[in-house]
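Okay, structure first, notes after.
The first residue of the sequence shown is numbered 1, and numbering continues consecutively from there.
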Amino acid sequence: MEFTKKVAIITGSAQGIGKEMASSFFKEGAKVVIADLNLEKAEETVKEIKQQGGTAVAIKTDITDMDSIKNLVKETQKCFGKKIDILANVAGVCIQEDIFESTEKSWDLTMNINLKGMFFLSKEVAKIMAKYKQGKIINISSTSGYITSTRCSMAYDVSKAAVRMLTTGLAEFLGPYNINVNAIAPATTKTQMITDLFGDDYFKGEWVRTSYPLGRIADPIDMADAVKFLCSEDAKDINGHTLLVDGGCLLAYRRK
């Protein structure tokens, strides 16, 4: 099993893409930390993993709070030892607002969750990875970091574009410590967040075929598989890269 005895912290993993990543990693032998603000859902995820024979722990984490970030690292080491092998920065938020109605509060919240928290958690975990001269950090960007969202989410788009630069910057700085830093950029994925934003019928209709050359909307497992690859030995020479996992969405956009 690829990740036997490795410790993986996955933020925002009580549901959606993060939960699928947690499931994918534990099935490959990893000890998984479910780091999420929603402790009740995080504990439900841990219960599911343990029922399937996996090892996991839930740690309530607010990645906008520096003390909470440091507590996550401390509690992870308390549970699984000093070494941390994998960090997947999945936690994110998308607030839809007309530009003329945008507020400073929503802008700051988006940046704090999608970018600031990602950086400072990566910094804290990278300190530990550097001591052991190994580690994998994966960030979640988006196709919205390349093109604007279907519906106005300006702060989200800007934050996801910034994640790409954060990834390359961290990769250059941490490379000498044998730490790979990469990102994936999903297109629309069948998650609760998307359903909450757009409704159940959003995944249906002719627009899917015309917008995605593969003719389908991705499932969370598609993102989990890409992240698992980037954390594997097969990707040991990939660093500072943002991998589009979009079903060809950007190709279709270019043709319009």
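Between the side chain of Asn139 and the backbone N or O of Ala183 there is no donor-acceptor pair closer than 3.5 Å. Side-chain atoms of Gln52 come within 3.5 Å of backbone N or O of Glu48 as a donor-acceptor pair.
Using modelled atom types and a 3.5 Å distance limit, the side chains of Asn178 and Lys133 yield no donor-acceptor pair. In this structure, a donor-acceptor pair under 3.5 Å is absent between the side chains of Ser141 and Tyr146. In the model, Ser149 has a side-chain atom that pairs as donor or acceptor with a side-chain atom of Ser144 under 3.5 Å. Side-chain polar atoms of Thr61 and Asp36 form no donor-acceptor pair below 3.5 angstrom.
Ion pairing between a basic and an acidic side chain is recognised when a charged N comes within 4.0 Å of a carboxylate O; Glu44 and Lys41 show no such pairing. Salt bridge annotation for Lys228-Asp234: absent, with no cationic side-chain nitrogen under 4.0 angstrom from a carboxylate oxygen. Salt bridge status for Lys6 with Glu28: absent, with no side-chain N to carboxylate O gap under 4.0 Å.
If you chain together hydrophobic residues whose side chains sit under 4.5 Å apart, Leu121 and Tyr132 fall into the same group.
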Run the side-chain contact (heavy atoms from CB on, under 4.5 Å) check on Tyr177 and Gln134 step by step: do they pass? CA-CA 7 Å; Tyr177 298 96; Gln134 62 82 45; over 6 Å; no

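Ile113 approaches Gly92 most closely through the heavy-atom pair CG2-CA, 3.8 Å. Heavy-atom minimum distance, Asn114 versus Val163: O-CG2, 3.6 Å. Of all heavy-atom pairs between Ala91 and Ile63, the closest is CB-CD1, 3.8 Å.
Taking CD1 from Ile138 and CG from Leu87, the interatomic distance works out to 9.0 Å, rounded to the nearest 0.5 Å.
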